[in-house]
Amino acid sequence: MVDFMVPDEIKEVIASIEKFVDREIEPLKKKCHKQLENERYFYDENGVYAKEILDAMREIRMKSAKAGFYNMFGDPELGGNGDVFGPMAVALIHEALMRKYGLDPLVMEIFPGGLFTNGLTPVLLGLHPEVKDEVLPGVASGETVLCFGLSEPDAGSDVWSMKTKAVKDGDHWVINGTKQWISHAPYAKYAMIFAITDQELAKERKGGISCFLVPFDGETCANTSVIPTLGHLGGRIGIVSLDNARVHEKYIIGDLHQGFGKALEGVDIGRVVMAANCVGAAQWALNKAIDYANERKTFGVTIGNHQAVQMMLADCAMDIYSARNMLLHCAWKMENQDKLPLKEISIIKAYSTEMVQRVVDRCMQIHGGMGLTNELKLEKVWRWARSQRIPDGTTEIQKRTIARRLLKGDRNFF
Ligand SMILES: Cc1cc2nc3c(=O)[nH]c(=O)nc-3n(C[C@H](O)[C@H](O)[C@H](O)COP(=O)(O)OP(=O)(O)OC[C@H]3O[C@@H](n4cnc5c(N)ncnc54)[C@H](O)[C@@H]3O)c2cc1C
């Protein structure tokens with residue numbers, strides 16, 4: 001039976017997260033008012049989140065873990081509840097939070113960002129048992145933040161062209177190289193680092209890349225700088241330098257030379273999160289635009305009476321409705337079919353990230369000059385929306401996957 005209703009148990013989870021926000025996050029927002037309201041105070045002089053923000057984020061992660069939210073989508077073999085709360089729940093809950101709170105940096109700490117580059121990600125299934133004992137308690141409690149170091153200055157879409165190398169030295173590996181654009185790197189405790197361990201295999205693109213869990217020691221593995229983007233005064237992405245970083249072989253994640261398999265485990269759920277955030281953010285922006293269109297008067301009538309404004313509102317609605325239904329259908333397929341719907345996962349990533357930018361842009365236009373100010377946070381969401389088209393596979397790389405699937409015979413849209 002086809003059922004488009006949000007299940008009651010998910011509604012209940014959303015309601016309890018909203019109570020958590022009222023109880024635990026609202027007081028922190030008051031405490032960090034100065035930092036949250038002015039970007040000059042949100043970042044320190046090096047562009048890293050200010051101490052007050054980092055402390056608040058850690059407190060929220062740890063309280064969220066205690067309340068049972070932080071790990072609710074985590075891998076069950078690592079202690080998460082991802083077997084109970086599958087892709088449909090991931091989509092509906094992320095959408096609901098973004099629709100209600102918009103791009104709120106504190107609310108977004110309730111779950112590990114992206115779900116696969118941090119928290120109880122399936123990537124960690126490949127950890128050596130001793131390393132699991134060392135690392136997982138901190139990750140599960142929300143104390144420890146991880147980051148995912150795959151991209152490099154000369155290796156983004158084409159990750160096979162990476163230059164970072166690991167050389168065996170007794171029972172250790174020595175890693176040298178630079179990772180770029182790495183989310184959470186400025187405040188993470190460990191980095192998952194992908195490095196070439198067999199040049200010949202890597203040249204043939206048949207393997208030869210391994211994944212290591214490397215602790216940040218500030219010297220051999222260091223976050224050397226933050227990369228501010230789109231006019232921000234700082235950021236959460238950074239450059240990671242590996243200068244003779246020495247790790248014991250037990251810190252290899254998964255099989256030697258087979259790091260890419262690991263890299264892709266969990267990327268699918270990361271794309272669902274991204275699409276759900278986009279669908280939620282688009283609704284948050286449209287709600288603001290509808291309210292404004294009903295209030296703001298020009299030429300003696302509210303601007304919602306002007307057909308040009310009506311067209312913009314209608315275009316937003318069509319964009320959101322199509323992206324939302326794609327997202328839910330894709331999540332349903334992930335939950336109910338044996339094979340991963342690769343074509344659909346790429347479709348929702350590409351479509352929703354492009355869609356949210358179109359929608360937020362129109363909503364800014366409807367607000368006139370007010371849309372460009374910081375006051376309404378629309379321009380902040382627009383900048384975030386613009387950035388979503390690049391990570392986790394650019395729009396063009398997603399379209400390449402979609403076309404390849406079609407050409408291989410996947411013509412199914414149901
Ligand atoms: C906010 C943000 C967060 C990120 N977080 C992380 C992270 O945590 N960890 C991590 O490892 N990386 C991360 N990245 C890096 C991200 O994955 C790369 O930026 C992305 O894969 C694109 O790589 P690139 O920037 O080198 O662009 P390039 O690969 O150089 O691409 C440049 C342009 O060419 C196009 N292009 C490239 N190849 C093709 C092709 N075959 N067909 C058609 N078009 C093509 C691209 O679509 C793009 O338009 C992040 C990036 C951003 C912006």
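All ligand and atom numbering here is 1-based and tracks the order in the structure. For the numbers below, each heavy atom of this structure counts, side chains included, while hydrogens, waters and symmetry mates do not.
Scanning all protein heavy atoms for the shortest distance to atom 31 (O) of ligand 1 gives S157 OG, 3.8 Å. Distance from atom 24 (P) of ligand 1 to its nearest protein heavy atom, with residue and atom name: G156 CA, 3.9 Å. Of the protein's non-hydrogen atoms, the one nearest atom 50 (C) of ligand 1 is W181 O, 3.4 Å. For atom 43 (C) of ligand 1, the nearest non-hydrogen atom of the protein is E396 CB, 3.9 Å. Shortest contact from atom 40 (C) of ligand 1 to any protein heavy atom: I397 CD1, 3.8 Å.
Comparing heavy-atom distances from atom 2 (C) of ligand 1 across S151, P153, A185, P391 singles out P391 as nearest.
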TODO: Start with the C-alpha distance between D55 and R58, add both sets of side-chain angles, then the distance that settles salt bridge (charged side-chain N to carboxylate O under 4.0 Å, His left out), and finish with yes or no.
DONE: CA-CA 5 Å; D55 288 348; R58 189 188 320 103; 3.6 Å; yes
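Taking a 4.0 Å cut-off on heavy atoms, I237 registers as neighbouring ligand 1.
Applying the ring-ring contact (aromatic ring centres under 6.0 Å, His included) test to F216 and every residue at least two apart in sequence or in another chain returns nothing.
Both tests pass for R358 against the ring of Y351: distance under 6.0 Å to the centre and angle within 45° of the axis.
Residue contacts with ligand 1 for T394 involve side-chain atoms from C-beta outward but no N, CA, C or O (heavy atoms, distance under 4.0 Å).
Ring geometry, F20 versus F69: the interplanar angle exceeds 60°, so the pair is classed perpendicular (tilted spans 30 to 60°).
Note on D171 versus K250: no salt bridge recorded, every NZ/NE/NH1/NH2 to OD/OE distance being 4.0 Å or above.
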